[in-house]
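Nothing here was measured: the structure is a model prediction, and the numbers come from that model. Letters go in sequence order (proteins before strands), and every chain restarts at 1.
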Protein chains: 2
Amino acid sequence: MFDRRLVAVEPKACKKFLMLDISESVSCRECTKSARCFKTLIPSELDFINQNKTQILYRKGENICKQGAFASYVLYISDGLVKLYLDTPHNKNINLKILKTSEFIGLSSIYGDNIYNYSTVALKDSYMCLLEKDSFRKLLIKNGSFASEIIKWYCENEKQLFKKIQSLGNKQMPGRLADTLIYLYEQSLLEDTLFMHLSRKDIADFAGLSTESTVRLLKELKDDKIIDLNGKQIKILDKEKLKEISRRG
Amino acid sequence: MFDRRLVAVEPKACKKFLMLDISESVSCRECTKSARCFKTLIPSELDFINQNKTQILYRKGENICKQGAFASYVLYISDGLVKLYLDTPHNKNINLKILKTSEFIGLSSIYGDNIYNYSTVALKDSYMCLLEKDSFRKLLIKNGSFASEIIKWYCENEKQLFKKIQSLGNKQMPGRLADTLIYLYEQSLLEDTLFMHLSRKDIADFAGLSTESTVRLLKELKDDKIIDLNGKQIKILDKEKLKEISRRG
DNA sequence: TCAAATTATTGAATAATCTCAATGATTTTG
DNA sequence: CAAAATCATTGAGATTATTCAATAATTTGA
């Protein structure tokens, strides 16, 4: 899976700590978890990235990046599960995405304000590669195919954000929750422990609802046999009906 | 400004018609309205774009692209003013952006689904360059600096969308309207006729409110001497207070 | 393992926002 | 220019969604 030769530093010193890579990490050439865009790189370019990266383990619950913080790296999930969200005061965040192995975090810091525009937190222990922004930038300029793959990512990303805006902007509670459940369910197909890592508040923050409203609606959906609730585990029994609810708004 | 050698075709035949370019349009090499990214192109690349573009005039009120429609071109505003919005049923759209001269429309169709993910409408008569997607793609691959400039655009774009999500997702009416007014006011500094082209419903659709709520809140802001209303014209008298309202949500 | 802390659930009251309907103002069109 | 159409404004009532408070269930940590 990933390089296991990692050692925890001061495991009891504080609740949230980093595991530092004290060994040679997997080189980019041999990495089996590489994103599609890396396929466009020639070996010397891969080596170049390899020389400008660090591997780190983030523990479950740790913030990987924090909205507003100085963005020194582009992060790449070499193996993990991450929640991406917009930070707001009053403990009412907006969850945007679940990120899984082989996805980037903080791409926009390459050319943006040099700060992260969102926060991310590890939903389970996650191994990350930290790539230097400068190196990344150099590669983009040198290799148009690589840059094109990044642009492809942005196209998809934009589409997702539009969907979110549509959902928040003119759907009512049932539609918003349906959108959320459909999204999370699809993610859970790729990462079957997903729901075990999500609280009701997490789901509420995805849908832009209060936790209480979310709980009530989930119960209704259960009573209508559209979903099945079993503790944190959620299963969709009638996806068509959910989609219909999503459509109606 | 732009090439005036344009002739209306069948001006009385239908309310909405295109003016077709029956002359040589301004070549990309000489164009003074070019986006920053075009500066990264060498003359032969500019000529290449030039050979693969068409110029068209869209009349005020005409749809330039329609969400869900087949996306054959990337559009570039050579001179104009455009509203970008998400189409929804029940006549309740979400306005996302005001686009002005030198901005792109439909960039994401380059690598996305081959359909537009949003609609755009000309707020005033607008001259557009239609660029072939294929040519655009070829340039991206060939010229990493060009691609990097496009990525820069995406970074900024993403930031704006996050802002929108924050606003819709956890601000109440006053905060959402304040965000909208601040945004539109800044745009109006660059295009002073802007407000004359916007109805109350347009403003409401930017803020994600009903038209009636928008009207009521605008009146309150006027009574509090935070803005000045004069028909369609809106002026901000106390930007700090508006920002405070935006912050409070 | 047990107590403390956190998370989930439920109901009732409250607040936010929208819809509908009516009227006035402005713009468009023949 | 006058009628028609569209847009702006206002109030009242209905709807949607949140908050607060209380309790139950689950998880965490010593």
| field | Relative orientation of the end axes in the helix from dT1(C)-dA30(D) to dG30(C)-dC1(D), expressed as an angle to the nearest 10° (five pairs per end) | value | 50°
| task | Give, ordered by number, those residues of residues 209-233 of chain B having at least one heavy-atom distance below 4.0 Å to an atom of DNA chain D; if nothing qualifies, reply none. | result | Glu212(B), Val215(B), Arg216(B), Lys219(B), Lys232(B)
| remark: Taken in chain and number order and not counting sequence neighbours, the residues that satisfy salt bridge (Lys or Arg N to Asp or Glu O under 4.0 Å) with Lys241(B) are Asp238(B)
| Atom pair distance, as rounded to whole Å: CD1 in Ile203(B) and C1' in dC7(D) | 12 Å
| field | Inter- and intrachain pairs under salt bridge (Lys or Arg N to Asp or Glu O under 4.0 Å), touching residues 179-189 of chain B, at least two apart | value | Lys171(B)-Asp179(B), Glu186(B)-Lys239(B)
| Length of the line joining Arg200(B):CZ and dA8(D):P, which is rounded to integer Å | 6 Å
| task | With sequence neighbours left out, write down each residue that passes salt bridge (Lys or Arg N to Asp or Glu O under 4.0 Å) with Lys243(B), or none if nothing qualifies. | result | none
| query | Do Asn117(B) and Glu158(A) have a side chain donor and acceptor closer than 3.5 Å? | reply | no
| field | Heavy-atom side-chain proximity of Tyr154(B) to Cys155(A) below 4.5 angstrom | value | yes
| query | For Arg247(A), which residues count as a salt bridge (Lys or Arg N to Asp or Glu O under 4.0 Å) partner, sequence neighbours excluded? | reply | Glu244(A)
| field | side-chain contact (heavy atoms from CB on, under 4.5 Å) partners of Ala178(A), counting only residues at least two apart | value | Leu242(A), Ile245(A), Ser246(A)
| query | Among all residues two or more places apart in sequence or in another chain, which pass the side-chain contact (heavy atoms from CB on, under 4.5 Å) test with Asn93(A)? | reply | Tyr85(A), Asp87(A), Thr88(A), Asp205(A)
| field | Listed partners of Lys97(A) passing salt bridge (Lys or Arg N to Asp or Glu O under 4.0 Å), at least two apart | value | none
| message | What is the distance, to the nearest angstrom, from the CG atom on Leu198(B) to the C1' atom on dA8(D)? | response | 15 Å
Write down the protein N/O and nucleotide N/O pairs, taken from nucleotides 22-26 of chain C, whose separation is under 3.5 Å; answer none if there are no such pairs.
none

| request: Apply salt bridge (charged side-chain N to carboxylate O under 4.0 Å, His left out) to Lys60(B) and Asp125(B), showing your working. | output: CA-CA 5 Å; Lys60(B) 175 174 182 159; Asp125(B) 293 1; over 6 Å; no
| message | A side-chain contact here means heavy atoms from C-beta on lying under 4.5 Å apart; do Ile203(B) and Leu209(B) qualify? | response | no
| task | Report the distance from atom CE of Met196(B) to atom C1' of dC7(D), rounded to the nearest whole Å. | result | 14 Å
| task | Quick one: sort the Tyr183(B) and Phe206(B) rings into parallel, tilted or perpendicular, breaks at 30° and 60°. | result | tilted
| remark: With sequence neighbours left out, the residues meeting side-chain contact (heavy atoms from CB on, under 4.5 Å) with Glu212(B) are Ser210(B), Arg216(B)
| request: Please list residues of residues 170-185 of chain B whose heavy atoms come under 4.0 Å from any atom in DNA chain D, ordered by number; otherwise none. | output: none
